[in-house]
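Structure first, then comments.
Chain identifiers are assigned alphabetically (A, B, ...) following the order of the sequence lines, protein sequences preceding nucleic acid strands; residue numbering begins at 1 within each chain.
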There are 2 protein chains.
Amino acid sequence: MTDTPNVLWIMADQLRFDYLSCYGHPHLQTPHIDALAKRGVRFTNAYVQSPVCGPSRMSAYTGRYVRSHGSTWNGMPLRVGEPTLGDHLREVGVRAALVGKTHMTADIEGMAWLGVDPKSAIGVRVSECGFDPYERDDGLHPDSVRQRWSAYDDYLVELGFSSDNPWADFANSGVDENGDLMSAWLLKNSRLAANVPEEHSETAYMTDRAMAFMEDAMAEGQPWLCHLSYIKPHWPYIVPAPYHDMYGAEHIVDPIRSAREQDNAHPLLAAYQKSRVSKCFARDEVRDHVIPAYMGLIKQLDDNLGRLFAWMDEKGLSENTVIAFCSDHGDYMGDHWMGDKDFYHEPAVKVPLIIADPCDAAHATHGTVSDALVEMIDLAPTFMTALGCPPRPHVVEGRDLTPILHGTKGFSRHYVISEHDYSSLEMAETLSVDQEDARTIMIYDGRWKYIRCEGFQPILFDLECDADELHDLGGSSAPEPTAVRTRMEEALLRWATQHHTRVTATPQVLDRMNKASVSGILIGYWDAVEYEADTGIPFESLTPVGRPNP
Amino acid sequence: MTDTPNVLWIMADQLRFDYLSCYGHPHLQTPHIDALAKRGVRFTNAYVQSPVCGPSRMSAYTGRYVRSHGSTWNGMPLRVGEPTLGDHLREVGVRAALVGKTHMTADIEGMAWLGVDPKSAIGVRVSECGFDPYERDDGLHPDSVRQRWSAYDDYLVELGFSSDNPWADFANSGVDENGDLMSAWLLKNSRLAANVPEEHSETAYMTDRAMAFMEDAMAEGQPWLCHLSYIKPHWPYIVPAPYHDMYGAEHIVDPIRSAREQDNAHPLLAAYQKSRVSKCFARDEVRDHVIPAYMGLIKQLDDNLGRLFAWMDEKGLSENTVIAFCSDHGDYMGDHWMGDKDFYHEPAVKVPLIIADPCDAAHATHGTVSDALVEMIDLAPTFMTALGCPPRPHVVEGRDLTPILHGTKGFSRHYVISEHDYSSLEMAETLSVDQEDARTIMIYDGRWKYIRCEGFQPILFDLECDADELHDLGGSSAPEPTAVRTRMEEALLRWATQHHTRVTATPQVLDRMNKASVSGILIGYWDAVEYEADTGIPFESLTPVGRPNP
């Protein structure tokens, strides 16, 4: 064990904030995650920077807004040269390892322009969002550009679960009463047991891989951050026995929605509601099949985390490892007549976040709850502090949560911001919105949630009076919503015009810029007398300068 | 000569738009630049993206706003991986060569992270803003980080002008009546003749180097863009004989300023007025010494361009070379009680721009004047079109000026935008403004010029009623300025929230994103019947997918 702590950063995928017992789910018990909350701080207002996997994760991994890193949608490569958490940690000798999913797409064109070989050590990191990949698995193995085959497929084949696509045929299919394979891509099959034993499912496998990483890392002795990034409870929604059968109709929470939301919908929300996935999840039969599977996947995840945490206790890792648990976004599950994610209602944009820091300075906050407005980009600077990495405020836009963890003053945020690019979704086509304009931004101050919809009236919810976000006040002419809209536009303008791309303003560069006037650039002096009076330096001492060093 | 035309892109440094006879200067005759205007289109509303060398040039060379490329001030490195005009042209076999100044600072840290050797062919291009440097010379040779010695210094030494700093002692000093060397860094020396014969001055030398490049390029046969980037009339203000003595007090145009500007100054403008360089240029003796030298430098530049254009005629290059002439920003010269540049009054932010395209399609517009609102970032896409390079709209934010050059419809712009980071200037210290907030943005619609000053009231000028920009309406409660301010804030918000960093959205990427749903990601289908009804593809045909290619 080193003096520097380690960080285990666990991320679930598509996990709603309210599907954990510590966040109040009435039927889903997640004792291991709840126990983690008792060892740390549980955040009740944590928001992702985009309500969809790719851009949300690129923000988490860079500590920067989507506006800043530019990877605005799934499959949009993160530009080469975008600095990441892994890069910052590497500078101070910390290994940033990936075990699981990133949703990263490499910038092949950018690498080619710069002559970076994607297979070189640097090229692999650039392709993995700055992480050293211990195991990369994005959990979607169709015939897509992103992933066709993984180490997990090999693992299944070795165990005898052999086919052309073991991920699809075993981990993500069920078997019906006739013995036929039923794909979990089709939602009617969600309640079948996955065609794989629990201990060989994706969640269990990735837990094992994290333990293998930590074993290796302990042997090596280098401080580390491990990003353990689970694929589930993301679709395809299917879970192995016995979890497939643990929940039923009696455990399904009613959808958050009202008829008024359909009748008076904002044009953009109307288009969302009309999308295939929304129409699908608005159906009771879909909710009735999917939600029990989704709950089972979360229960399985909790059990695996229990197994992992017990193992870490046994290995002596718990006392020196900061453990963070979060999700990359939520899941509508039919709320607001919508499915999947891709917008800013609480079920989609708010995530669970727990940070358990075992250090002495954090003991006083163990088991507490923080209502602070927190963004996912705050994790990177928090981990940097924990790992002894100096801050890089010209690059990392998140704010260090350490004061909250230590129970001291110093953390402040008035607004959280989230962005979305819907240019490749069917809504853009439905509404004939140009690719460049198919974008929305949410700004939320803890009460008012304002959504700027380019080309449309804004959307506004008052979560104090309307916690379920059923009444859009974007067009209200009442004085308060009107004033709020003006204030939010001004806050957005201030935010949008900040420096988001001045990433080369290192302390050395700023120092050099400030010294420019004494390094020989002397604009604005009439004569030598004026120069000496102003600077205290005789003009003659400046010139001639020496020849360059040979 | 190839079928593809060539482009000669001439840039002067710190040249005001109104110090050329074709732009109306009453005493300064610039017949060769005027003749170029007769061969092309002269633009009367061309604006730079930042009123200072570095960021203005980085915008010109990338075709992108300062907000987008992030190099917000001189010495702020252009991040590695930022795509440039040179990169785009290279893709279609065009050589983009630099002859002269760029003000580029290389991103050494970024290159190190990516393993790019600054001395490799790619590293040199990355360090030179995407150009292949035929000759790089930033024209400031003090003992600064940027440049201490250049090929021009070697050239002077070879001619016998030898010292520890030939650039300073010969090209940028005079000799007084006692034979003592008098540095042109001190403004009282501006009217002396430079201590170098005209034919060996910086302007003449760089003209010769451009001819040498074109000779080489003709021999090679590859199409080219040559960025001929002069250092003058930028300070140090001193010019060789006979130009040092051509202009006197009778040729100095009165300063544009009023006492009211000092009495009722906006806090930021008051701080500008109190800066050393502004106080200096507010003095009559400074104007009386500097302006004749500045005019002499411009006259010398015009004569050298005459020499260059005659040589190009002789070599047959004129008939196949698009020639653009512009500046990177202006010079206050005491107007508005200010010196140097760094703000948005017309003398600083507006530049001359002439584009002479010899092709048949452009004949009809030769000798015409365009009042269109044009930005410096429009040059890159215009040159790309001329050189047969496909547009890259996800990267290049400028708009192609070809329709104006061809006299057709298709060019449109309602606002021009310019940005400035004053964090390293004394105004930030005077006003105790944080480094992150020391920034301003100008938006101008052809009549109203609105300047957002973070932390301060905005500044607003009505150029229709107040062409000299003497009356700031930023605090006016009259209905029209009030409405204009609201409109400008909305326009700025729309602009600022656009995609500025989504540079990896290549057509291939967008195509891939749009095909995601048919490549095996099938969220939102209840069963195979629904799937086939929606897509026309039998579900069974999709699975299983094949194993990866060996």
Side-chain angles (χ1 to χ4, degrees), chain A residues 70 72 75-77 79-81 87 107 109-110 113-116 122 142-145 148-149 163-165 168-169 183 185-188 235 276-277 280 339-340 424 441 489 493 496-497 501-506 509 512-514 519-520 522-528 543-548, chain B residues 70 72 75-77 79-81 87 107 109-110 113-116 122 142-145 148-149 163-165 168-169 183 185-188 235 276-277 280 339-340 424 441 489 493 496-497 501-506 509 512-514 519-520 522-528 543-548:
Chain A
T72 61
M76 186 73 70
R79 68 186 294 174
V80 66
D87 295 319
D107 179 10
E109 182 187 47
W113 270 8
L114 291 172
V116 176
I122 288 175
D143 184 15
S144 77
V145 286
R148 294 180 66 187
W149 195 265
S163 80
D164 281 344
N165 188 339
D169 297 340
S183 169
W185 284 117
L186 301 177
L187 298 172
K188 77 174 176 62
W235 41 258
R276 189 186 72 231
V277 71
C280 181
D340 210 20
S424 61
I441 307 184
E489 291 267 314
L493 181 54
T497 57
T501 57
R502 205 176 63 158
V503 294
T504 62
T506 61
V509 164
R512 189 202 306 163
M513 283 165 56
N514 290 330
S519 73
L522 311 172
I523 178 71
Y525 292 107
W526 173 253
D527 61 12
T543 55
V545 299
R547 281 172 181 274
Chain B
T72 62
M76 187 73 69
R79 69 187 292 173
V80 67
D87 295 318
D107 179 10
E109 183 188 48
W113 271 6
L114 291 171
V116 176
I122 288 174
D143 183 17
S144 76
V145 288
R148 293 180 66 187
W149 196 264
S163 79
D164 281 346
N165 188 340
D169 298 339
S183 169
W185 283 117
L186 302 176
L187 300 172
K188 79 176 176 59
W235 41 258
R276 189 185 71 231
V277 71
C280 182
D340 210 21
S424 62
I441 307 184
E489 290 268 313
L493 181 55
T497 56
T501 56
R502 204 176 63 160
V503 295
T504 61
T506 61
V509 165
R512 189 203 306 161
M513 283 165 56
N514 291 330
S519 71
L522 311 172
I523 177 70
Y525 293 107
W526 173 254
D527 62 11
T543 54
V545 299
R547 280 174 182 273

A/G524 and B/V277: which non-hydrogen atoms are nearest, and at how many Å?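 Of all heavy-atom pairs spanning A/G524 and B/V277, the closest is CA-CG2, 4.1 Å.
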So which heavy atom on A/T501 is nearest to which on B/T501, and how close?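 For A/T501 and B/T501, the tightest heavy-atom pair comes out as CG2-CG2, 3.5 Å.
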Answer key: most heavy-atom pairs under 4.5 Å with chain A among B/G81, B/G339, B/A496 is B/A496
Count the heavy-atom pairs under 4.5 Å between each of B/D87, B/V116, B/I441, B/V80 and chain A, then report the option with the highest count.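 Result: the option with the highest number of such pairs is B/D87.
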For B/W113, what residues pass the side-chain hydrogen bond (donor to acceptor under 3.5 Å, both in side chains) criterion, not counting sequence neighbours? A/E91
With sequence neighbours excluded, tell me which residues meet side-chain hydrogen bond (donor to acceptor under 3.5 Å, both in side chains) with A/D340.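 Here the qualifying residues are A/Q14, A/W235.
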Please flag which part of A/I122 lies under 4.5 Å from any non-hydrogen atom of chain B: side chain, backbone, both or neither. side chain
Let me know if A/E109 has heavy atoms under 4.5 Å from chain B in its side chain, its backbone, both or neither.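 The side chain, not the backbone.
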Nearest 0.5 Å please: distance from the OG1 atom of B/T504 over to the CE atom of A/M76.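 CE of A/M76 is found 5.5 Å from OG1 of B/T504.
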Rounded to the nearest 0.5 Å, how far apart are CG of B/L187 and CH2 of A/W526? 7.5 Å
Which atoms of B/L114 approach chain A - backbone, side chain, both or neither, heavy atom under 4.5 Å: both
